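First up is the structure itself, then whatever we jot down about it.
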There are 2 protein chains.
Amino acid sequence: MKNKAIELLNSVSLRRTGPRLAILEALLNADAPLTQDQIADAIGDSAPNKTTIYRTLTHLVETGLVHEAFLENRSQHYELAHHCGKQCCHPHFTCRQCEQTHCLTGVSTPLVELPKGFSIQRQQIHIDGVCPDCRTRNKTKEIGQI
Amino acid sequence: MKNKAIELLNSVSLRRTGPRLAILEALLNADAPLTQDQIADAIGDSAPNKTTIYRTLTHLVETGLVHEAFLENRSQHYELAHHCGKQCCHPHFTCRQCEQTHCLTGVSTPLVELPKGFSIQRQQIHIDGVCPDCRTRNKTKEIGQI
DNA sequence: CATAATTTTGCAACCGGGTTGCATTTATCG
DNA sequence: CGATAAATGCAACCCGGTTGCAAAATTATG
Ligand SMILES: [Mn+2]
Ligand SMILES: [Mn+2]
Ligand SMILES: [Zn+2]
Ligand SMILES: [Zn+2]
C-alpha cells in the first residue's frame, strides 16, 4: 500500500512526507469514510498532530484525490475518490443500530435530473436503515423470545 | 400560518407553547432548511433561547413533523417533512457560489436499489453545483469582459 | 557544501455549534 | 384554583475543527 500512496502523492505533485503517506495509507486500507480521529487511531502512536491531519486532508481534497463524505455524524468523513464518478459519488448506507457506514460501490446510481438552469458538480446519496448483520441479529433474538 | 402551526402541534399532541408555535411558523415560512440560528433570526427579538429551539426541534423530529437535512454546512438544518415521502426526501441543491440551498421538490427521485439484506429507512440526496441565478450572473460578467 | 528561502509540522489557544444540569416558569387537568 | 408534569432559560460545558506562530524539514541558490 505504501507504493500506491507514493504514486498517489506523485500524481498530484505533493511533497512526499511521512504524515501524508501515513494518512493516505490509512485511507487506502479503509473500507468506509474515516474521520480525523479514526485516521489517527488507524495510524497509531506515530500519528501526526490533528492539525496536520486536517491540513493534509484539505490538500488531498483540493487535488481531487480525496472526497468529503457527509454522513449524519457530527464529524466530517474522508475517503479516497477512486470509487466515484466525476459528478456522482457512490451512495453510503449507515445502520441506525450499529452505526456502521457501508460504501455501496456496486449499486447503480442514477443522477437526479435537475430543473432548467441548475448545473451539477457533485451528487451524493445517503441512506440509513438497518444493515444485514443487525437484521439477522434482530431475527434470531425474536425467535429466542418466543 | 399560525393556524397551520397549531394544527401541526395538535396532530402530534405536543403542548401548545409560544416557542413551539414560533418555531413551526418559521419553518412554515421557509423555503429551504433552516439552522437554529436562522430560526432565531426569523423569529426576531422574541426568539426563544437556543437550548429551547434545539430541544423543540428534537421533539418535532421525533414526532416526524420535521426532518433533519444534512447539508455540507457545518451546522444542522431542519425543515418540515411535508414534502417528503416515507422513505425518500426531496433532494437539496446547494450553490457553491452563493451558498444558497434549494429544495428540489419537483424532480423525480428514484430510490437506490440496495444490495440484499439492507433495509432502508430514509434516503437523502444532496447535489452541489451552480444555481440558475449565479449562472446567468457569470455569463453577463463574461460578456462584459470581452 | 553552506546557507537562504519555502513548506510542512506541532503546539496551544481559540471558535462555534450543540448539549447538560438545574432552578424557574408554564401548560394541562381535576 | 391548586397539584403535577412538562417546558423554558441560563450558565457552564463538550468537542470537532481552525488559527497564529514558532520550530523543523525540504528545496533552491551561490
Ligand atoms: Mn464510500
Ligand atoms: Mn427541502
Ligand atoms: Zn448494523
Ligand atoms: Zn448561486
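Predicted model, so just to flag it, every value in this text is computed and none were measured. Lettering of chains follows the sequences in order, A, B, ..., and the numbering in each one begins at 1. What's counted below: heavy atoms across the whole structure, side chains too, no hydrogens, waters or symmetry copies.
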Under the side-chain contact (heavy atoms from CB on, under 4.5 Å) criterion, do A/T94 and A/Q100 qualify, and how do the steps go? CA-CA 6 Å; A/T94 303; A/Q100 226 185 306; over 6 Å; no
On a heavy-atom basis, which atom in [X] and which in [Y] lie closest, and how many Å separate them?
X     : Y      : answer
B/L9  : B/T17  : CD1-N, 4.4 Å
A/H83 : A/H90  : O-ND1, 3.4 Å
A/P48 : A/I43  : CD-CD1, 3.9 Å
A/C95 : A/C134 : SG-SG, 3.7 Å

How large an angle, rounded to 10°, do the end axes of the helix from C/dC1-D/dG30 to C/dG30-D/dC1 enclose when each is built from five base pairs?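 End-to-end axis angle for the helix from C/dC1-D/dG30 to C/dG30-D/dC1: 30°, rounded to 10°.
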Identify, residue by residue, the members of residues 23-37 of chain A with a heavy atom below 4.0 Å from DNA chain D, and return them in order of residue number, or none.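 Those residues: none at all.
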Using a cut-off of strictly less than 4.0 Å between a heavy atom of the residue and any atom of DNA chain D, enumerate the qualifying residues of residues 72-79 of chain A by number.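 Within this stretch, A/S75, A/Q76 sit under 4.0 Å of the strand.
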Test of ring centre spacing under 6.0 Å for A/H102 and B/F118: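 Ring-ring flag for A/H102/B/F118: true, centres closer than 6.0 Å.
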Under 6.0 Å from the [atom1] atom of [X], do we count more than 12 heavy atoms belonging to anything else shown?
X      : atom1 : value
A/D31  : CG    : no
A/N10  : CG    : yes
A/E113 : CD    : no

Out of curiosity, [X] [atom1] to [Y] [atom2], how far, rounded to the nearest 0.5 Å?
X      : Y      : atom1 : atom2 : answer
A/Q124 : A/C88  : CD    : SG    : 9.0 Å
B/H126 : A/F70  : NE2   : CZ    : 8.0 Å
A/L104 : A/T109 : CG    : OG1   : 10.0 Å
B/L71  : B/E99  : CG    : CD    : 11.0 Å
B/H77  : B/Q38  : NE2   : CD    : 5.0 Å

Just the rounded figure in Å: distance from [atom2] of [N] to [atom1] of [X].
X     : N      : atom1 : atom2 : value
B/L57 : D/dA7  : CG    : P     : 14 Å
A/L21 : D/dT26 : CG    : P     : 11 Å
B/E68 : C/dG17 : CD    : P     : 17 Å
B/I53 : C/dT19 : CD1   : P     : 13 Å
A/I39 : D/dG16 : CD1   : P     : 14 Å

A/D128 and A/R96 ion-paired at < 4.0 Å: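 A salt bridge is present here (some side-chain N lies under 4.0 Å from a carboxylate O).
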For nucleotides 22-30 of chain C, tabulate all protein N/O to nucleotide N/O atom pairs closer than 3.5 Å, reporting atom names and distance.
{"from": "C/dT28", "atom 1": "OP1", "to": "B/R16", "atom 2": "N", "distance (Å)": "3.3"}

Does C/dG18 have OP1 or OP2 under 4.0 Å away from a side-chain N or O of B/Y54?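 For C/dG18, OP1/OP2 do have a side-chain N/O of B/Y54 under 4.0 Å.
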Can you pull out the residues from residues 43-52 of chain A that lie within a 4.0 Å heavy-atom distance of DNA chain C?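 Heavy-atom cutoff 4.0 Å gives A/P48, A/N49, A/T51, A/T52.
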Please identify each residue that fulfils side-chain contact (heavy atoms from CB on, under 4.5 Å) with A/A40, with sequence neighbours left out.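 With neighbours one apart ignored, the set is A/Q36, A/A47, A/I53.
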